Each structure stands twice: as C-alpha cells, then as structure tokens.
Amino acid sequence: MAEVYYVGVDVGTASVRAALVTRDGLLKGTAEEPISIWEPQPDHYVQSSTEIWEKCCTVVKKVTQGVERNQVCGVGFDATCSLVVLDQSFQPVPVNQDGDRQRNVVMWMDHRAAEQATRITNAGHKVLKRVGGVMSPEMQPPKLLWLKENLKESCWSKAAHFFDLPDFLSWKATGSLTRSLCTVVCKWMYCPPDGWDDSFWTSIGLQDLLENNFSKIGSVTCSPGSPLGDGLTQEAAADFGLNPRTAVGASLIDAHAGGLGVIGADVKGFNLACEDQPITSRMAMICGTSTCHMAISEQPRFVPGVWGPYLSPMVPDMWLNEGGQSATGRLIDHMVKGHAAYTQLQEQAQHSLPFTGENTYSYLNSHLRVLADSRSAVDLLGSSLHLWPDFHGNRSPLADPTLKGMMIGLSFSQTVDDLALLYLATMQALALGTLHILEAMKGAGHDIRTLFVCGGLSKNPLFVQIHANATGLPVVLPDQVEAVLIGAAILGACASQDFSTVQEAMEKMAKVGRVVQPDNKLQRSSCCSSTQNEEEQMWRRRQIVQYYLVWTRQWLLCSIQARPSISCLKHLRCP
C-alpha cells in the first residue's frame, strides 16, 4: 500500500514552513520561505495576510513535489496569534496610519495597545480571571479597541471580519468561518460552553461586535483538529497542488501546535518520573522568538499572572494554563548582536565554520567551555553578571508589560569573552524566568515532573542544559526536531479521521528523541544552608539578585510616578 502523508503548515514570526509527515510522525521533507515584517512606528509590528498565504502555497507545493496527490490525506495549520483584518469582500484592510491595504495584520508582538490593555485590566471584568487577572497587549481585545479608537474611519468602519491568523489560514483553505477553540479561548476571551460574554465586550466599548451574533469575530467554534467544511476548496487545492476536498483540521496557535507535537509522546523506557503518570505531570515549553509554557490539568487551576485555565484549546476536554516569556530567542539575538565584540565574534566563528560546521551560537557554547577549562561548570562563569530578561515586558507570572530589562556586573571590557559571558547570563536569566513560572504553577496545584521542550532554542544544547539545571527537572527533546510542524500535521491527521482522538494521534506521532538530565552538582536547594556547595549557592544568589533587581526597578518607577503600591509585584516571592 502507498504511504499516507499529512501536511503541516507553520506560520511563525518571520517565516512560513511546511512539512510532509507520515502516519508514524516522521518528517519526509520540509520547506521554508521568509515573510516580511514592517515596523512603521515603535511597538507597531505588521504583516501582510496576502504574502503569508502566497508563501503557504509555495512551501506546500515544495514538500509535496513527487508525491501522488491521493497520498496526502490531511492538512493542518498553525500560526502566531496575530490579528488579521478583512472587509466585507474579504479584502485586506490597513491596520496602520500609512493606509497600506496589504499591511493588514497586527502581529502578536505588537504592543501598541498597552494603554488599552491597562484600561481593560482596571475595569476588572470577571472574564479576566481566566487570564491571570491581567489583560495582555498581546491578546486581541485591546488590539481591537486600539483600532476602533485610532483608525475608526480607515480600518474599523470598513472591517467586516477579524481573524486570528490560524483561523484566517483555515478559512482561506476551506471557506469555513468556523473558529478554533484554541484561538478564541486563548486570545479572545471566549469561554466554552457559554460562548461570548456580551457584558465584557460592552464594558470595554466594543459592543458593536455583538451584531449578527458576533459574526465579525466568529459565530461558530470547534475543537482543534476537527474537520472544516468539505476540506480544501477548488481554489485552495489548485494553489497547493493537492486534491480538492482533502481534509483540513481546525487550526492551532503555533505554540500550542508545539505542545501537541511533544507533550503526548510515549516515554516508556526513558526512566522518567512522568512515566505511567497522566499527561498532567508534564509541561511543554515551546522556545523560539518568545517562549510559551503549557501545563494541562483535568480540573481548572487559576494561577495568578498566568493565562488560563482554558478548556479544550489544545487537548479536547482538558484544561490548559499558559505561561510565557515575551522575548527569549529574540532577546538572545539582541544581546549578542548588540555587543561591541559581535563583529569580532563573527570573524572568529566564520574562521571555524569551514572546519567544524558550527554556527555563531555553537561557537559561543564552545568558547564558554574553553573559558571554564574543565575546572568548574560553565554555569559558574556568570556568577558575577546578572540580567533581568523582561526587555519586552513580563508575560508571566508578573503579567506586567511595562517591565524592562536590566543588567548588573558590567565592566569596561568589550572582548569576545565578555560577550560570551553576557550570552550565558541571558540564558541563565531566561531559565530562572521559567523556574518562576514553574513555581507559580506548582503553587496552584500543578504537579509537574518533566519538561518537554521544542522550538528553535531547543536545538541549542547549552540553553537546554541550563534549563534542566535551573529547574532541577529532566528535559525531553523530540525525536523529530520540528515538533511544531508535527503538531500541525496531527491536526490534518485528525481531520482525515485516521485517528479517533487527538490523544491517540499525539501518542502515535510524537516521539521522544533524547532526555537531558540536570547536572547533579548544580541542583538548587529548596532553602539556603551551610551545606550547599558552590554551584548550589551560585544558582541561589542569581535568583535573589534577580528578585531584587526587579524590586528596585519597580520601586523607583512607582516613586517617580507617585504610585501608592507595587501591585504588579504581588506574585513575586523572595527565594
């Protein structure tokens, strides 16, 4: 019998990717195309839905080249949680003052609506309980409010359809206006089984969205992986080079696709604490430009400063809490490329490339090992340099988009050695941020024993090892490095009805590659004691310094603004 395939399409921040995936979860081919990002003003990031769809068509044609059309049984999409605006004729509507119709996507990382988000938070509607009590400017309600208040004539009055980008892709493929529960629950304040809350939209000044049973933002919803319409339309099938009516599954946000691609893997034989335990003992980390931390529970758990609990946005009938860091891969790039020694680093790395095949970050990892000189762990090299990583605000668990980054321990030196140490300190700061989120989730009742990590940063072995060391938990890496694409393909597999449930598809298509254990010498202790060795004390000192860094910054800010309290730090506990 001919092999059966599914196509997974992933629209990330800067590129569109596709993969051809077998029923056993093996990648048979991938393709990638860059997409444009415009920054017309500070904190404004926009894209073009037309360009994104064209690139989707290109990568799907590439990965299915040479495969018989009837072998492709399903297609699944995931994308960033960006906002797409179309008019009554489904044509693009501009989302910035420049009026360029093709720039009709407000990106997920666009923070133009920070003031609107604060107003929504201060209004204190009951739905905010499901997002940790704080509305993020990365969600859709504040972005919609910004468009109404700032572009009423050029955008708001002309808009007839507001899509989350994943739903735009599935509509473009099938013609179905059904929204995925993943997008509307996680980013639009939809709450199954009750649906939209009229009082919320009215309270924030967007009561016009109630018209025609919320037709502008979606009247019908379904679980991720549910078959949409009659599958690919004639037009979309021609664009993809596939058969019309090929099954298309309801989409996912990209981070949730990564979670789907790793968290359900069979771990038998790897001697992990989560073996023979429910999926609720696992947390998925999807690490790319930003990082998302996904924890599942059978009952709703409210975690201050952490999004959720959400019902059925990733795994049907399971609750999801979603923590996150707004800038991780992007922060590492910023710190490394902005350093005075970056040009020198490139020269040294390029000199080694023909002989070792290393990239810049592999070279930095090797350089740090040379600096450690086997006398101590690489982790200890950064014991006098500390960084607070919220350069783009704190998503979780402080939920404060106004926070900024800080560094302490800098000198006048501008060598490659200093650049390497700053790179190390940045990764350690991000790992401690993960620990902060993990402890908040555990404090709310989550019993997390293993981390499942995927995304671009999971390919950096030092980043992975530092996270294992900082959290004290084993880190599972997927067998197929493109776990997000596996997750997208799982949606197509479910839509084709080759699997009866999402859980079955996850177990069959997601596989463990290897496990990274925490370094026993670097295990952090639950309290400071005289018996702690140097490594344990180093991690403890880093936690305490970071704690006081953010407290100092916020104390100064509140003093300058004469604010009566530092409420944004109410969830930050001293180590």
Side-chain angles (χ1 to χ4, degrees), residues 13 39 42-45 107-112 114 117-118 134 136-138 287-293 305 323-342 361 364 381-414 418-437 440 456-457 460 462-463 466-467 470 539 541-561 566 568-569 571-572 575:
T13 299
E39 187 180 0
D43 284 333
H44 290 224
Y45 296 93
M107 291 186 67
W108 67 270
M109 63 183 183
D110 186 303
H111 278 200
R112 72 178 72 179
T118 299
V134 179
S136 168
E138 295 177 12
C287 310
T289 304
S290 63
T291 292
C292 291
H293 304 74
Q325 295 165 304
S326 294
T328 48
R330 186 180 175 213
L331 177 62
I332 294 172
D333 286 343
H334 175 77
M335 301 306 294
V336 171
K337 294 178 180 179
H339 195 278
Y342 179 61
Y361 292 109
L364 277 172
L381 291 171
S383 59
S384 62
L385 181 62
H386 304 277
L387 181 139
W388 184 261
D390 292 328
F391 283 49
H392 199 53
N394 182 282
R395 188 185 295 170
S396 306
L398 303 182
D400 183 356
T402 70
L403 276 178
K404 303 299 179 185
M406 292 174 286
M407 290 180 284
I408 187 170
L410 297 174
S411 69
F412 280 123
S413 180
Q414 295 182 333
D418 293 296
L419 170 52
L421 294 176
L422 182 60
Y423 162 69
L424 173 63
T426 302
M427 289 195 292
Q428 289 176 326
L430 293 170
L432 288 174
T434 290
L435 177 61
H436 194 185
I437 294 168
L457 286 175
N460 184 327
L462 185 58
F463 177 88
I466 286 173
H467 269 74
W539 277 108
R541 285 197 302 272
R542 295 194 68 82
Q543 275 191 283
I544 293 172
V545 168
Q546 287 206 322
Y547 170 83
Y548 283 110
L549 273 174
V550 72
W551 260 105
T552 302
R553 185 265 180 191
Q554 285 304 99
W555 179 260
L556 289 171
L557 179 62
C558 293
S559 298
I560 292 169
Q561 298 178 346
I566 315 175
C568 60
L569 292 179
H571 307 308
L572 182 62

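Because the structure is a prediction, the values reported are computed rather than measured. Sequence positions, counted from 1, serve as the residue numbers for this chain. All heavy atoms count here, side chains included; hydrogens, waters and symmetry mates do not.
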Item checked: Intermediate values then yes/no, side chain to side chain contact (heavy atoms under 4.5 Å, CB included), Thr118 and Thr402 -> CA-CA 10 Å; Thr118 299; Thr402 70; 5.8 Å; no
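- In this structure, the separation between NE2 on His467 and OG1 on Thr291 is 6.5 Å, given to the nearest 0.5 Å.
- In this structure, the separation between CD1 on Ile332 and CG on Leu364 is 10.5 Å, given to the nearest 0.5 Å.
- Rounding to the nearest 0.5 angstrom, the gap separating the OH atom in Tyr342 from the NZ atom in Lys337 is 5.0 Å.
- Scanning for side chain to side chain contact (heavy atoms under 4.5 Å, CB included) contacts around Thr13 gives Ile37, Thr80, Met107, Trp108, Met109, Thr289, with sequence neighbours left out.
- Judged by distance alone, the side chain of Asp390 and the main-chain N or O of Gly405 form no donor-acceptor pair under 3.5 Å.
- Put simply, the side chain of Ser326 never gets that close to the backbone of Ser290: no donor and acceptor are under 3.5 Å apart.
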Item checked: Test log, rule side chain to side chain contact (heavy atoms under 4.5 Å, CB included), inputs Leu385 and Leu424 -> CA-CA 9 Å; Leu385 181 62; Leu424 173 63; over 6 Å; no
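- Note: His111 and His392 have parallel aromatic rings, judged against thresholds of 30 and 60 degrees for the angle between ring planes.
- Side chain of Asp43 to backbone of Arg112: no donor-acceptor contact under 3.5 angstrom is found.
- Summarising the geometry, atom CZ belonging to Phe391 is positioned 13.0 Å from atom OG1 belonging to Thr328; distances are rounded to the nearest 0.5 Å.
- Residues passing the side chain to side chain contact (heavy atoms under 4.5 Å, CB included) test with Ser136 are Glu138, Met139, Trp307, sequence neighbours excluded.
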Next item on the list: Show the numbers, then the answer: is there a side chain to side chain contact (heavy atoms under 4.5 Å, CB included) between Trp388 and Leu432?
Entry: CA-CA 10 Å; Trp388 184 261; Leu432 288 174; over 6 Å; no
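- Nearest approach of Arg395 to Gly324, heavy atoms of both residues: CB-O, 3.3 Å.
- Of all non-hydrogen atoms in Ala470 and Ala431, the two that sit nearest each other are CB-CB, 3.7 Å.
- Nearest heavy atoms, Gly329 versus Leu457: N-CD1, 3.6 Å.
- To the nearest 0.5 angstrom, Gln325 atom CD is 4.5 Å from His293 atom NE2.
- Annotation: the span from His436 atom NE2 to Leu430 atom CG amounts to 14.0 Å, rounded to 0.5 Å.
- Residues Leu462 and Tyr361 fail the side-chain proximity criterion, which asks for heavy atoms closer than 4.5 Å.
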Item checked: From CA spacing to verdict: side chain to side chain contact (heavy atoms under 4.5 Å, CB included), Met407, Leu422 -> CA-CA 9 Å; Met407 290 180 284; Leu422 182 60; 3.5 Å; yes
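- Judged purely by atom type and a 3.5 angstrom limit, His339 has no side-chain atom pairing as donor or acceptor with the backbone of Met335.
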